[in-house]
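What you see is a predicted model; the values in this text were computed from it and never measured.
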Amino acid sequence: MTRLYPSPLDLAHTKKRHPETIFYTYTKEAKRALKLAEKAAGRTGGHYIGSEHLLAGLAEEPDGTAAVVLKAAKIEAEPLIRLIDSLVA
């Protein structure tokens, strides 16, 4: 996948900052969620990472607060990901 800007993960381990990147320090859960978002975008053949991919990544990252919140709201990762995939494919 060709990127217009560096992935936040490319910069997460350094103190370098790209002008389009607001933050460069991520928790390990956030890094995993971003990786999962990239994977979700790849599943649908997209050339972008949208909010739907971020949501999928957050839902799939089991140790993150977002996944706990989604589960408390009775939103499970698998049905959510299937819905996202069907909407953006």
message: Grouping I, L, V, M, F, W and Y whenever their side-chain heavy atoms are under 4.5 Å apart, do Ile81 and Leu54 come out in a common cluster?
response: no
What donor-acceptor contacts under 3.5 angstrom involve side-chain atoms of residues 68-77, with partners at least two apart or in another chain?
none

- prompt: Closest approach of Tyr48 and His53, non-hydrogen atoms and distance?
  reply: CE1-CE1, 3.5 Å
Of all pairs that satisfy salt bridge (charged side-chain N to carboxylate O under 4.0 Å, His left out), the ones with a partner from residues 49-58, not counting sequence neighbours: none
- prompt: Any ring-ring contact (aromatic ring centres under 6.0 Å, His included) pairs touching residues 67-89, not counting sequence neighbours?
  reply: none
message: I need the minimum non-hydrogen distance between Ala37 and Ile49, along with the two atoms involved.
response: CB-CG2, 4.1 Å
Give every donor-acceptor pair under 3.5 Å between a side-chain atom in residues 55-64 and any protein atom, sequence neighbours left out.
unit_1	atom_1	unit_2	atom_2	d
Glu61	OE1	Asp63	N	3.1
Glu61	OE1	Gly64	N	2.7
Glu61	OE2	Arg32	NE	2.8
Glu61	OE2	Arg32	NH2	3.1
Asp63	OD2	Arg32	NH2	3.3

- prompt: How many angstroms lie between NZ in Lys35 and NZ in Lys31, if you round to the nearest 0.5 Å?
  reply: 10.5 Å
field: Partner residues of Arg82 under the salt bridge (Lys or Arg N to Asp or Glu O under 4.0 Å) criterion, sequence neighbours left out
entry: none
